[in-house]
Number of protein chains: 2
Amino acid sequence: MSTERGERTRARILDTALSLFRKHGFDETTMRDVAAGAETSLGAAYYYFESKEAIVLAYYEKVYAERRRRAEQVFARTADVSERVRALYQLHLDIVRRDRKLLGGLVRSVADPLSSVSVFSSSTREVRDGSIALFREAVSVPDVAEEVRDLGAIALWTLDLALMLYLTWDDSPRQARTRQLVDDVLDLLMPIVPLLGSPFAAPLRAQLERALDRAGLLPR
Amino acid sequence: MSTERGERTRARILDTALSLFRKHGFDETTMRDVAAGAETSLGAAYYYFESKEAIVLAYYEKVYAERRRRAEQVFARTADVSERVRALYQLHLDIVRRDRKLLGGLVRSVADPLSSVSVFSSSTREVRDGSIALFREAVSVPDVAEEVRDLGAIALWTLDLALMLYLTWDDSPRQARTRQLVDDVLDLLMPIVPLLGSPFAAPLRAQLERALDRAGLLPR
DNA sequence: GTCTATAACATGATAGAC
DNA sequence: GTCTATCATGTTATAGAC
């Protein structure tokens, strides 16, 4: 499939692109800049990445892999839901810390329902399902009732998307505002988890589930 | 400022563009197509609209004006919160009914924090503030406690954005899925309004408000 | 000052030679 | 696998018509 040399060229193009995106932003970086920086031709860059957006997708995959790696360490350490969930968000922020300029390109692609790297598209499916699974694992602890885990995972993942959108807009040092927002939202959310898990909440859960199912938002 | 003739040319360009966007989608329509369809030159099109996105912004403004007009009729007719809010959403869906292909372009621009027509940008401010005000009016009825109106308006407007995103993705006939989603979400949401308005919920309201304020999400 | 047309530019993407 | 040449299209500059 791909030779050693091709592998290296691909990596060089990816690294150059990400570094340029970080420094100057997604729009400001041209594919010609990327090719020149990687000391290859425009055609070669397009040989390895079918579009500029595809490079962002590769970044997205890298972030996910790193997040999973570090999340698993946290999961092994603690069974406290709050800690686990909070860690998942903070981890994400740590990983993309220096990438605000890059995230603009990501957010745009991801929000575009027609884009091949949209959150809804099939090419991002692996990362999307993996991310949801990560939240599913985070809430899979004795403290959280079985019945609310699936719903909770989807809700937390949706929040994760919203946080990334907020981050692109947050210019506070060290993403302080976004981090504060994570804390505030979790402080609001976490107390209702036991309530939702109680038998009294069964009709409400059913109502929620029916709504999400009808909307096609439930994984099958 | 602008002459009669210029006015007509501008309108012709806008109508042509929207009609082409509707038929073929935003990306598939070139500015050259628009100019040709409006029987004018490319330069003229750019004289009247500084960018392709700006045309979408003009559409956005048209939708808002129509929505306000029809909302005011509903507000005059009923003081029931549920009905008023539901009408605001259904109205929106009615107005953009035939524009799914167009909305793709809008969503992308709106989500891009750097775009000049982003939800966050100043050029969309008038429409954004107007839309939030519309929700503020919808919930300004005796049944809804003063204390929850501002919060409620922001929450409902956020939901409105999410619904538009969902709509771009909903290919069911007559946007049935999106309409169902509106109903389901409101059925879930409306019962908690009186609870949130009660004095017991004061600490919760304060917590929420503090969080939104720290995040800069509260209009000042 | 208001408007229109033409040419040119920058850049994402593709085709085909090697 | 890689490169060069070329295309398509969003955007800008500019000249000038009314």
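Chain identifiers are assigned alphabetically (A, B, ...) following the order of the sequence lines, protein sequences preceding nucleic acid strands; residue numbering begins at 1 within each chain.
Looking at heavy-atom distances under 4.0 Å, T30(B) makes contact with sugar-phosphate atoms alone, never a base. Contacts of G6(B) with the nucleic acid, taken as non-hydrogen atoms under 4.0 Å apart, involve only primed sugar atoms and P, OP1 or OP2.
Per the geometry, CE belonging to M31(B) stands 19 Å off P belonging to dT11(C), to the nearest Å. Taking atom CG of L20(A) as the reference point, atom P of dG12(C) lies 12 Å away to the nearest angstrom. Across the protein-nucleic acid pair, R10(A) atom CZ and dG1(D) atom P stand 12 Å apart, rounded to whole Å. In this structure, the OH atom of Y46(A) is 16 Å from the P atom of dT4(D), given to the nearest Å. In this structure, E39(B) places its CD atom 13 Å from P of dT4(C), rounding to the nearest Å. When the P atom of dA13(C) is taken as reference, atom CD of E53(A) falls 8 Å away, rounded to whole Å. The interatomic distance linking Y48(A) (OH) with dC3(D) (C1') rounds to 13 Å, in whole Å. Atom-to-atom, CG of D27(B) to C1' of dA13(C) comes out at 14 Å; the value is rounded to the nearest Å.
Taking only distance into account, the side chain of R5(A) never meets the base of dG1(D) through a donor-acceptor pair shorter than 3.5 Å.
Side-chain nitrogen and oxygen atoms of T40(B) include at least one within less than 4.0 Å of the OP1 or OP2 phosphate oxygen of dA5(C). Between S51(B) and dG10(D) there is no side-chain N or O to OP1 or OP2 distance below 4.0 Å. Within the 4.0 Å cut-off from OP1 or OP2 of dT4(C), not a single side-chain nitrogen or oxygen of Y47(B) is found.
Candidate nucleotides dC3(D), dA13(C), dG10(D) were compared by shortest atom distance to the side chain of A44(A), and dC3(D) ranks first. Closest to the S41(A) side chain, of the nucleotides dT4(D), dT14(C), dG10(D), is dT4(D). Distances from the side chain of L42(B) to the nucleotides dG12(C), dA5(C), dA7(C) place dA7(C) closest.
In this structure the side chain of T9(B) never reaches within 4.5 angstrom of the side chain of Y47(B), judged on heavy atoms. Side-chain contact between L88(B) and R67(B): present, with at least one pair of heavy atoms (C-beta onward) separated by less than 4.5 Å. Residues L167(A) and H92(A) fail the side-chain proximity criterion, which asks for heavy atoms closer than 4.5 Å.
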Report the C-alpha separation of Q175(A) and R97(A) in whole Å, then their side-chain angles, then the decisive distance to 0.1 Å, and conclude whether the side chain to side chain donor-acceptor pair (under 3.5 Å) test is met. CA-CA 8 Å; Q175(A) 317 89 45; R97(A) 189 173 32 164; 6.0 Å; no

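Of the listed residues (E66(A), E61(A), K62(A), R68(A)), just one forms a side chain to side chain donor-acceptor pair (under 3.5 Å) with Y64(A), and that residue is R68(A).
Place R32(B) and E7(B) on DNA chain C by their nearest nucleotides, and E7(B) ends up nearer the 5' end.
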